[in-house]
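Only one structure is covered here, and it is reproduced in the block below.
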Amino acid sequence: MDLYQLFKTRTPIIGVVHLLPLPTSPRWGGSLKTVIDRAEQEATALASGGVNGIIVENFFDAPFTKNQVDPAVVSAMTVVVQRIQNMVTLPIGINVLRNDAKSAMAIASCVRAQFIRVNVLTGVMATDQGLIEGEAHQLLRYRRELGCDVKIFADVLVKHARPLSSPNLTVAVQDTIERGLADAVILSGWATGSPPNQEDLELAAQAAAGTPVFVGSGASWENVATLLQAADGVIVSSSLKRHGRREQTIDPIRVSQFVEAAHRSWNNRGDRKSISSVSLKS
């Protein structure tokens, strides 16, 4: 996959919009307008701060179903993504938690989003939702059936989970790419807000053999330069929020600080990989 073609940079920073609870979730507040208003605000803050892409996910729907979500969630996320697309021109990704990759692919296909995130594409993981099995065979056939080219960003040994088999990172990365046909892989720490081990990142990059490797959690303005020594890009949310707290809204000042720190790391290597582009719609 050509990161530059998709994100207009070879080292993308992807911000995450954590949607407020959606219909049928335990904490659903009864107003989709409230969900949309906050999502638009956060997407605008991310775009204004200089990120290169956005992932929209139903983060506050916990506790999550492990596989298929309710149709109301799919409907709500479709509406929200369309509203965000009216606000910003950045590439959009979709993650339907915990692991409803088929619904994510359906939404992306309909709204012409560019990529999806899949927590478990291959293998079996023990999670707080129970055992989650990767269904790469179904997802890849469904993408072909839809006739779309939505890219698949797949977590390897995803956070908040433990593999049933031996957690060999090299084998997991290679299987995700070669047997699961992931377009990019994501490496996270043990939980939301926890960064991956730098040695693990380097090992994953070596195993990926040219397939993009993203940091999936724990990136901050303090450590992003180090993380990008091994990774091709970062997916970030918690450290961009007010006071660094995940329940808060995106803080545009923290976004700018993060992006500037990432850019400085590129300049220090004499390898600025980004070009400026208009990210807000007028």
Considering only distance and modelled atom types, tabulate donor-acceptor pairs under 3.5 Å from the side chains of residues 125-141, sequence neighbours left out.
| residue | atom | partner | partner atom | Å |
| --- | --- | --- | --- | --- |
| Thr127 | OG1 | Gln129 | N | 3.0 |
| Thr127 | OG1 | Gln129 | OE1 | 3.0 |
| Thr127 | OG1 | Gly130 | N | 3.4 |
| Thr127 | OG1 | Gly130 | O | 2.8 |
| Gln129 | OE1 | Arg98 | NE | 2.9 |
| Arg141 | NH1 | His137 | O | 3.1 |

Okay, side chain of Arg143, backbone of Val150: is any donor-acceptor separation there less than 3.5 Å? yes
Donor-acceptor contact below 3.5 Å, side chain Glu57 vs main chain Ile94: no
Checking Asp183 side chain against Met1 main chain: does a donor-acceptor pair fall under 3.5 Å? no
Out of curiosity, Leu240 CG to His18 NE2, how far, rounded to the nearest 0.5 Å? 10.0 Å
Rounded to the nearest 0.5 Å, how far does CH2 of Trp28 lie from CG of Asp61? 10.0 Å
Salt bridge (Lys or Arg N to Asp or Glu O under 4.0 Å) between Asp149 and Arg144, worked out: CA-CA 8 Å; Asp149 189 31; Arg144 183 175 180 179; over 6 Å; no
Check: Ser25 side chain, Leu22 main-chain N or O, donor-acceptor pair, under 3.5 Å: yes
Would the distance check show the side chain of Asp2 and the main-chain N or O of Gln5 forming a donor-acceptor pair, the cut-off being under 3.5 Å? yes
State whether the side chain of Ser220 and the backbone N or O of Ser239 hold a donor-acceptor pair below 3.5 Å, judged by distance alone. no
For the atom pair CD1 (Ile235) and CD1 (Ile186), what is the distance rounded to the nearest 0.5 Å? 3.5 Å
Exercise answer: donor-acceptor pairs, residues 71-82 side-chain atoms, under 3.5 Å, sequence neighbours excluded:
| residue | atom | partner | partner atom | Å |
| --- | --- | --- | --- | --- |
| Ser75 | OG | Pro71 | O | 3.0 |
| Thr78 | OG1 | Val74 | O | 2.7 |

Just one of Val236, Ile14, Val185, Leu187 clears the side-chain contact (heavy atoms from CB on, under 4.5 Å) bar with Phe214, so which one? Ile14
Please name the pair of heavy atoms, one in Ile92 and one in Ile84, separated by the smallest distance, quoted to 0.1 Å. CD1-CG2, 4.0 Å
Hey, what do you get for CG (Leu46) to CG (Asn52), rounding to the nearest 0.5 Å? 11.0 Å
Test the Arg10-Tyr4 pair against the cation-pi criterion, namely NZ or CZ under 6.0 angstrom from the six-membered ring centroid and within 45° of the ring axis. yes
Asp100/Lys102 ion pair, N-O < 4.0 Å: no
Across all chains, not counting sequence neighbours, the side-chain contact (heavy atoms from CB on, under 4.5 Å) partners of Gln198 are Leu201, Glu202, Thr226, Leu227, Gln229, Ala230
When rounded to the nearest 0.5 Å, the distance separating CD of Glu42 from CG of Asp37 is 11.5 Å
Phe7 vs Leu90 side-chain heavy atoms within contact, under 4.5 Å: no
Asp232 side chain vs Val213 backbone, donor-acceptor pair below 3.5 Å: yes
